[in-house]
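A short worksheet on the structure shown next.
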Amino acid sequence: MTHPRATPPARTESTTHTGRPGPDTARTPSLTDLRDHLTTQLDPAARAWLEHALDEATAHPGLHGPISVWELRLAEAARRCGAAHADAARVLILDAAHADTDALTRVYFQGTADERRAVLHALPHLVSGPGALPLVEDALRTNDTRLLGVAVGPYAARHLPPHDWRHAVLKCLFTGVPVDRVAGLEERSRGDGELARMLADYAAERTAAGRSVPEDLHRVLDLTESVPPAPGADHPHGKES
């Protein structure tokens, strides 16, 4: 049976809390990309299970009683599809179930660490506004690097206020999460003097303690020192008049 999938919201330019255009989310696979990838990667039994799980979620969307049937399928995803494909399968199930912020919140706080990670992956696809920020903020309070690496994705790039976003970048440096995982890093770091101050303070603390400074810190610090061109400014490599 072909699963009727809701069309994901168009990713037009968004606005961050800095007032600048939001970061490009092209690095995040679309729901169609996830579905196509699983179609080619899963074995026949796993594909059949996923199709059935998606049909169930479509037929019974939203929350129903203590636990919905699609929530049970989230728990089975790794066993049925394999650990490497479980995140993608769970995101598709959440989409098919039309999981809103309330449903995502329930799954996040009642689920396993793997299910929490899937919820964080799903946020940029399923939540258009900042209503799910408490889930990101909770993940950023943990020291689980797998959660942290997803929490700093496109949803956080769009919606985390500057103060919280700066601390999220520092948390990545503290815990060893590569800053490549921080969506919108270049856009949000550019010209951010407060972030530069925080990075310099952190580097000074580590140096004073005889500890090495992460290479990623220097990379972000370099980004803060780059300033976007003023609106209407001539391109530096443009033709002279």
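In this text, all values refer to a predicted model and were calculated from it rather than measured experimentally.
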Applying side-chain hydrogen bond (donor to acceptor under 3.5 Å, both in side chains), can you list everything that pairs with [X], at least two apart in sequence or on another chain?
X	value
Asp33	Ser30
His52	Glu56
Glu115	none
Thr105	none

For His121, all residues meeting ring pair (Phe, Tyr, Trp, His ring centres under 6.0 Å), sequence neighbours excluded: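 For His121 there are no ring pair (Phe, Tyr, Trp, His ring centres under 6.0 Å) partners, ignoring immediate neighbours.
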Could you check whether any side-chain N or O of [X] sits under 3.5 Å from a backbone N or O of [Y], counting only pairs where one atom can act as donor and the other as acceptor?
X	Y	result
His163	Leu160	no
Thr40	His37	yes
Arg90	Leu74	yes

Would you list the atom pairs, donor with acceptor, under 3.5 Å between side chains in residues 214-222 and any protein atom, with sequence neighbours excluded?
residue, atom, partner, partner atom, Å
Asp216, OD2, Val179, N, 3.0
Arg219, NH1, Asp180, OD1, 2.4
Arg219, NH2, Asp180, OD1, 3.0

Side-chain hydrophobic cluster, 4.5 Å single linkage: members besides Val69: none
Applied to residues 132-144, the side-chain hydrogen bond (donor to acceptor under 3.5 Å, both in side chains) test, sequence neighbours excluded, yields Tyr108-Asp138
Just jot down the side-chain contact (heavy atoms from CB on, under 4.5 Å) partners of Glu76, sequence neighbours excluded, or say none. Trp49, Arg73, Arg79, Arg80
Can you name the side-chain contact (heavy atoms from CB on, under 4.5 Å) partners of Ile67, sequence neighbours left out?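 Scan of Ile67 (side-chain contact (heavy atoms from CB on, under 4.5 Å), adjacent residues dropped) gives Glu71, Leu72.
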Mind jotting down which residue pairs meet the salt bridge (Lys or Arg N to Asp or Glu O under 4.0 Å) criterion with at least one end in residues 145-157? Sequence neighbours excluded, please.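 Qualifying pairs: Asp114-Arg146.
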Angle between ring planes, His60 versus His64, binned at 30° and 60°: parallel, tilted or perpendicular?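 Answer is perpendicular, since the angle exceeds 60°.
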Could you list all the ring-ring contact (aromatic ring centres under 6.0 Å, His included) pairs where at least one residue sits in residues 179-204, not counting sequence neighbours?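 Found Phe174-Tyr202.
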Assess whether a salt bridge exists between Asp102 and Arg106, defined as any Lys/Arg side-chain N lying under 4.0 Å from an Asp/Glu carboxylate O.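 Salt bridge absent between Asp102 and Arg106.
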Min side-chain heavy-atom separation Trp70-Leu94 under 4.5 Å: yes
